[in-house]
Amino acid sequence: MGKDSYTTRTGMNPLLLFLCFTTFSLLLFPQVNAVWIEIPGSGTKCVSEEIHTNVVVLAEYYLFTHHENMTVTSKVTSPYGNTLHYNGNAIHGQFAFTTTETGSYLACFWLDANGKHEEGTNLILDWKIGISAKDWDSVAKKEKIEGVELELRKLEASVTAIHESLFHLKDKEAKMREVGEITNARVAWYGLVSLGVCILASALQVWHLKCFFQKKKLI
């Protein structure tokens, strides 16, 4: 009764209120994709991201340092070890690719040996994946949409991406369940074989002791 009277007084659809609130949240709290990385003076610092196939990845990185001769080398590899990006002697760089493999993509950074670096430095990595990597300004200009309609298009793309991610997780869970069932079956067979070996060994020990006592005429 209270909800119906509220809707009647305001004259607004609850779905419209939800869409307006969601759009306002997206505008007020944009997604932050930047990662702050501390690179040691000697050694390599890596970050990884689990990504499935056919996903667009865009990234840009900046080196923060007060040393003029300090630069960084970056290398991005796929789950199967293929090099997707390599750049050396840089303080700023970017890379872009579309994934063809499902798994963990690795981005590694290390300081170049063009100077002695006893201390490390910091690097900002702006890593955008999927929907975040899409150029919505170009989409808005091309399709002549703006405001709430553009935000609804973003929400639709986000829902599609979540739906695909759920299917990916479902397939991954099915594979893990299959591996678990195979492992449980092998463990069960191993347990049965181990029990059989123990019983056989006990029987042989009893038989050996019986024969020994009989030879000694103790029984």
Side-chain angles (χ1 to χ4, degrees), residues 31-59 61 72-86 95-111 120 122-123 125-134 155-219:
Q31 291 184 351
V32 179
N33 300 303
V35 179
W36 183 274
I37 302 174
E38 295 183 1
I39 303 178
S42 61
T44 303
K45 189 73 172 184
C46 298
V47 294
S48 63
E49 187 74 26
E50 188 77 17
I51 315 174
H52 52 85
T53 57
N54 298 323
V55 176
V56 178
V57 177
L58 297 177
Y61 54 90
V72 67
T73 295
S74 60
K75 182 179 180 181
V76 181
T77 55
S78 69
Y80 294 131
N82 299 319
T83 300
L84 304 175
H85 168 79
Y86 186 88
F95 55 87
F97 58 89
T98 300
T99 60
T100 57
E101 306 165 5
T102 299
S104 180
Y105 285 78
L106 195 65
C108 294
F109 303 90
W110 63 90
L111 295 178
N122 297 314
L123 181 139
L125 175 62
D126 188 9
W127 186 293
K128 298 180 180 179
I129 302 172
I131 302 301
S132 301
K134 193 169 183 177
L155 288 175
E156 182 182 3
S158 299
V159 170
T160 302
I162 293 173
H163 190 257
E164 293 176 354
S165 298
L166 289 176
F167 271 108
H168 172 66
L169 292 175
K170 183 179 179 181
D171 293 339
K172 189 174 182 180
E173 187 271 337
K175 292 179 180 178
M176 293 180 64
R177 184 174 64 251
E178 182 180 358
V179 172
E181 291 176 353
I182 294 174
T183 303
N184 289 334
R186 291 179 178 177
V187 170
W189 278 107
Y190 178 77
L192 291 175
V193 171
S194 300
L195 181 60
V197 170
C198 290
I199 294 175
L200 180 61
S202 299
L204 290 175
Q205 288 179 353
V206 172
W207 175 79
H208 175 73
L209 290 174
K210 184 177 180 180
C211 293
F212 175 78
F213 288 138
Q214 287 178 348
K215 287 183 180 179
K216 295 295 183 179
K217 296 181 180 181
L218 296 175
I219 56 174

| Using 30° and 60° as the class limits, which term best fits the ring planes of His208 and Phe212: parallel, tilted or perpendicular? | parallel
| request: Ignoring hydrogens and angles, tell me if any N or O in the side chain of Ser104 forms a donor-acceptor pair with the backbone of Glu50 under 3.5 Å. | output: no
| task | Kindly compute the distance separating CG (Asp171) from CG (Leu166), expressed to the nearest 0.5 Å. | result | 11.0 Å
| message | Surrounding CH2 of Trp36 (heavy atoms of other residues, nucleotides or ligands, distance under 6.0 Å), is the total greater than 12? | response | yes
| With a 4.5 Å limit on heavy-atom distance, are the side chains of Phe95 and Tyr86 in contact? | no
| message | Tell me whether the rings of Phe109 and Tyr61 are parallel (<30°), tilted (30 to 60°) or perpendicular (>60°). | response | perpendicular
| query | How many angstroms lie between atom OG1 of Thr100 and atom CD1 of Ile51, to the nearest 0.5 angstrom? | reply | 11.0 Å
| query | Under a 4.5 Å cut-off applied to non-hydrogen side-chain atoms, are Glu49 and Val47 in contact? | reply | no
| field | Distance in Å, Glu178 CD paired with Thr183 OG1, rounded so as to fall on 0.5 Å steps | value | 10.5 Å
| In Å, rounded to the nearest 0.5 Å, how long is the span from CG of Leu169 to CE of Met176? | 10.5 Å
| Distance from Leu155 atom CG to Thr160 atom OG1, nearest 0.5 Å? | 10.5 Å
| said: Tell me the closest heavy-atom pair linking Gly120 and Leu111, and the distance in Å. | reply: CA-CD1, 4.5 Å
| query | Between the side chain of Thr99 and the main-chain N/O of His52, is any donor-acceptor distance below 3.5 Å? | reply | yes
| Within-4.5 Å side-chain heavy-atom neighbours: Cys46 and Thr44 | yes
| message | Tell me if a side-chain donor or acceptor on Glu101 pairs with a main-chain N or O of Tyr80 at a distance below 3.5 Å. | response | yes
| So do the side chains of Tyr105 and Pro79 get within less than 4.5 Å of each other, counting heavy atoms only? | yes
| remark: Nearest heavy-atom approach of Leu106 to Ser48 is CD1-CB, 3.7 Å
| message | Could you measure the distance from the CG atom of Asn122 to the CD1 atom of Ile39? Nearest 0.5 Å is fine. | response | 8.0 Å
| remark: In terms of heavy-atom contacts, Trp127 and Ala107 come closest through CZ3-CB, 3.5 Å
| query | Would the number of heavy atoms belonging to other residues, nucleotides or ligands and lying under 6.0 Å from CD of Glu173 be above 12? | reply | yes
